[in-house]
A.B. asks: 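Mind looking over this structure? Questions follow.
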Number of protein chains: 2
Amino acid sequence: MSGAVTLKHIAERLNLSISTIGRALADDPQISLATRERVKAVAGELGYVAHSGARAMRSGRSTLIGLIIPDIQNEFYGTLAKALAEICANAGFQLVLGITEDDPESEERQVRGLLEARASGLVITASPRPTRETLSLLSRSTCVQLIRRTGQLEVPWFGIDEEAAIHSGTAHLIELGHRRIGYLGASTTLSTGRSRLAGFERAFTEAGLEVPREFVRLGRPRAAFAAEAFESLWTDGERPTAIVAAGARLTVGLLQAATRLGVAIPADLSVVGYGDAPWWNPNLTTISLPVRDIALACGEFLLRRIRETEPSSARSAAGQSVTFASALTPGASTRRV
Amino acid sequence: MSGAVTLKHIAERLNLSISTIGRALADDPQISLATRERVKAVAGELGYVAHSGARAMRSGRSTLIGLIIPDIQNEFYGTLAKALAEICANAGFQLVLGITEDDPESEERQVRGLLEARASGLVITASPRPTRETLSLLSRSTCVQLIRRTGQLEVPWFGIDEEAAIHSGTAHLIELGHRRIGYLGASTTLSTGRSRLAGFERAFTEAGLEVPREFVRLGRPRAAFAAEAFESLWTDGERPTAIVAAGARLTVGLLQAATRLGVAIPADLSVVGYGDAPWWNPNLTTISLPVRDIALACGEFLLRRIRETEPSSARSAAGQSVTFASALTPGASTRRV
DNA sequence: TTGTATGCGTTATCAG
DNA sequence: CTGATAACGCATACAA
């Protein structure tokens, strides 16, 4: 990234004008084939690399698409990121990854940086309480919400029917005869946390049962929280006979803690996990999520919006949302009692 | 991102010159405090967002740092990406993630895109056989190699002593009395694949034993390969009593296959895994890697280089390399025979 | 303390 | 078929 070669250099070398060089490299048919080839040869020889910043300055648009997520170590977001990166690459865009760890300041910085780079689009899984500035910035961008849904943000959303997802897992356990069912979930400051807890509760009320609130633990969606919460659940007072882990990293934490405490699954405890990580071991009963489908739909939608926005800046489809369904995948971690 | 607000708009609104606005927003002390505040107020009101492309065009440098890796679903790279993103954010840079899936064409596109964006630096875990063009592009950039080491690339490298890592795991099994030890590893087209296999072999020769070549399986470093390879190892002919999984995703695949085949660990089979994923379950004997340390060292180094390159474009330290040591973490997946 | 002028690398318009 | 020129948004050297 030092003394970069520019169109000017090539032009001087060939005694041609800058515009001719630019057109030749863009394969403008108005330029004679011979010239085009000479230009390309010299460009290659000199190691010319276009300057996308300069290009963006004229068009007002870049080939950048931002993905802002709380946590890349979550298998779920990892899969999403991979799928989106693929889609972007195929469409000639580059994916810029921002990781917030759910910190609103970090989130604001990431969003601002992306807008400064004139990113053509943004995909965001927002933190529980984004700053006013973040919301304002997002509202003026081509943006899509992923998974989590922030009330104050009037932009399209792609996510999962979380309520139904957790409902199905919980109902499965109730059907197997479990009553003392524990719940490890994200705090209800998150839209996903609220929906998932609602699904848990509905499974009980539908079955005419009391919701076992003493077995419900809400916190940060990280393995450490789940491990700690499960330990307290297992150690203090009456034990649950089953647990619903309502999050990918919560499932990891639960399994870690169970292993550490020597809890046999499903002999001592039935477990319903969240997501389809290949390492759920052994053979977990889990709530399967169509991660790839979501990423594809979301990516395609964003690309379409970006292309649309080009001619008419009509801000349509502002409230659009797409909900994907989950499916319960039976495994060996749940048993009848 | 539509009709963006520029310095000019603010200038017109306040009847000031563009340069005054620019200086005020940059907190230039030469501008009176009163003016600075008025300018900032209007900037906020209008929703001004700086144009990093234009800025980069003048400075020749952007706030982008590229990370090019084969596979984000690998826990190992996920942790690396997270740590690097953090470091970048703290230093005012943004991390641009490129995923190659070890495809040389995709890799070339990613690298080119990053150079076009005038990324200030690049961190790359290169594919087995990068294109000539990729190598040429990289050699003209501020670049650091991560983990894998490509011979044709004369740039600094940060990685692990892979040979020692696998040697320690293998020696551990030999010490426990195992002789029929299987090896699941990446193909030797990768520098890591070569080093790891060498470590496996040295453990045997040092102990005065034959290398059990019939138990060695090399392929793509993905779970699917490991699962398939282990199945053949377990099904055809004499069975190994232990396995070394020489890669993160290979460990995942091995454990999956073992579960599927009903192989009890460590009763039927001892296992040494690679890396410290929190879901190695149960309690794997594993080769622990200082992932975070590597990322930090690599990130700091790159940032230093970027800052240095600014004034003097001396291309020093071209061949520098830093090797990190691993440690064998004993678990419950290996036993004496 | 503020304003003017210039140029960064491209592309688009207009002219030859 | 090719060239000259302007403009994109910003930073900075130089004036005032």
Side-chain angles (χ1 to χ4, degrees), chain A residues 1-40 42-43 46-63 112-113 115-120 310-311, chain B residues 1-40 42-43 46-64 112-113 115-120 310:
Chain A
M1 341 244 159
S2 39
V5 178
T6 71
L7 293 183
K8 198 172 157 191
H9 297 135
I10 305 178
E12 279 164 4
R13 185 82 128 56
L14 284 169
N15 281 320
L16 285 171
S17 74
I18 294 180
S19 16
T20 301
I21 308 297
R23 284 190 277 239
L25 290 176
D27 252 334
D28 187 326
Q30 295 219 300
I31 303 293
S32 77
L33 199 63
T35 308
R36 267 186 275 167
E37 285 180 345
R38 270 201 309 154
V39 169
K40 283 183 192 167
V42 173
L46 260 44
Y48 169 76
V49 175
H51 192 308
S52 58
R55 189 173 287 163
M57 218 170 77
R58 283 198 57 81
S59 64
R61 218 160 282 291
S62 76
T63 63
R112 178 174 292 280
L115 290 222
E116 288 187 348
R118 295 299 184 267
S120 296
E310 187 102 37
Chain B
M1 332 280 170
S2 40
V5 178
T6 71
L7 294 183
K8 198 172 156 191
H9 297 137
I10 304 178
E12 280 165 2
R13 185 81 128 57
L14 286 169
N15 282 320
L16 285 171
S17 74
I18 294 180
S19 39
T20 301
I21 308 298
R23 284 190 275 241
L25 290 175
D27 253 331
D28 187 327
Q30 295 219 302
I31 303 292
S32 76
L33 198 62
T35 309
R36 268 187 272 167
E37 285 180 345
R38 270 199 313 152
V39 169
K40 283 182 192 169
V42 173
L46 259 44
Y48 170 76
V49 176
H51 194 308
S52 59
R55 189 175 287 162
M57 221 171 75
R58 282 196 57 80
S59 65
R61 219 158 281 293
S62 77
T63 63
L64 262 33
R112 176 174 293 280
L115 290 221
E116 288 187 349
R118 296 298 185 267
S120 295
E310 186 103 35

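Chain naming here is simple, since letters A, B, ... match the order of the sequence lines and numbering starts at 1 in each.
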A.B. asks: Between C1' on D:dT2 and CG on A:Leu33, what's the gap in Å once rounded to a whole number?
C.D. replies: 16 Å
A.B. asks: Please give, in whole Å, the distance from D:dA11 P to B:Asp27 CG?
C.D. replies: 13 Å
A.B. asks: Would you mind reporting whether A:Ile21 and A:Glu12 have side-chain heavy atoms less than 4.5 Å apart?
C.D. replies: no
A.B. asks: Return the value, rounded to whole Å, for the distance between atom CG of B:Leu25 and atom C1' of D:dG9.
C.D. replies: 13 Å
A.B. asks: Check whether any side-chain heavy atom of B:Leu7 sits under 4.5 Å from a side-chain heavy atom of B:His51, and report yes or no.
C.D. replies: no
A.B. asks: Using atom CG of B:Asp28 as one end and atom P of C:dG3 as the other, report the distance to the nearest whole Å.
C.D. replies: 13 Å
A.B. asks: Judged by each residue's nearest nucleotide on DNA chain D, which is more toward the 5′ side, B:Ser52 or A:Leu16?
C.D. replies: A:Leu16
A.B. asks: If a protein heavy atom is under 4.0 Å from the base, mark B; if only from the sugar-phosphate, S; if neither, -; do that for nucleotides 8-16 of chain C going 5' to 3'.
C.D. replies: BBBBBB---
A.B. asks: Could you tell me, to 10°, how much the axis swings from one end of the helix from C:dT1-D:dA16 to C:dG16-D:dC1 to the other, five pairs per end?
C.D. replies: 40°
A.B. asks: Is there a side-chain contact between B:Leu115 and B:Arg112 in this structure, where contact means two heavy atoms from C-beta onward sitting under 4.5 Å apart?
C.D. replies: no
A.B. asks: Is there side-chain contact between A:Gln30 and A:Arg23, with heavy atoms separated by less than 4.5 Å?
C.D. replies: no
A.B. asks: Over how many whole Å does the gap from A:Ile10 atom CD1 to D:dG3 atom P extend?
C.D. replies: 14 Å
A.B. asks: Taking side chain as C-beta onward, heavy atoms only, is A:Arg118 less than 4.5 Å from B:Val49?
C.D. replies: yes
A.B. asks: Please enumerate all residues that pass salt bridge (charged side-chain N to carboxylate O under 4.0 Å, His left out) together with A:Arg13, with sequence neighbours excluded.
C.D. replies: A:Glu45
A.B. asks: Are side-chain heavy atoms of B:Leu16 and B:Arg38 found at a separation under 4.5 Å?
C.D. replies: yes
A.B. asks: Measure the distance from CD1 on B:Ile21 to C1' on D:dG9 and round it to the nearest whole Å.
C.D. replies: 14 Å
A.B. asks: When you compare the side chain of A:Val42 with that of A:Tyr48, does any pair of heavy atoms fall below 4.5 Å?
C.D. replies: no
A.B. asks: Whether B:Thr20 contacts C:dT1 is assessed here as follows: a side-chain N or O lying under 4.0 Å from the phosphate OP1 or OP2. Is that the case?
C.D. replies: no
A.B. asks: Which atoms form the tightest heavy-atom contact between A:Ser62 and A:Ala117, and what is the distance?
C.D. replies: OG-O, 3.6 Å
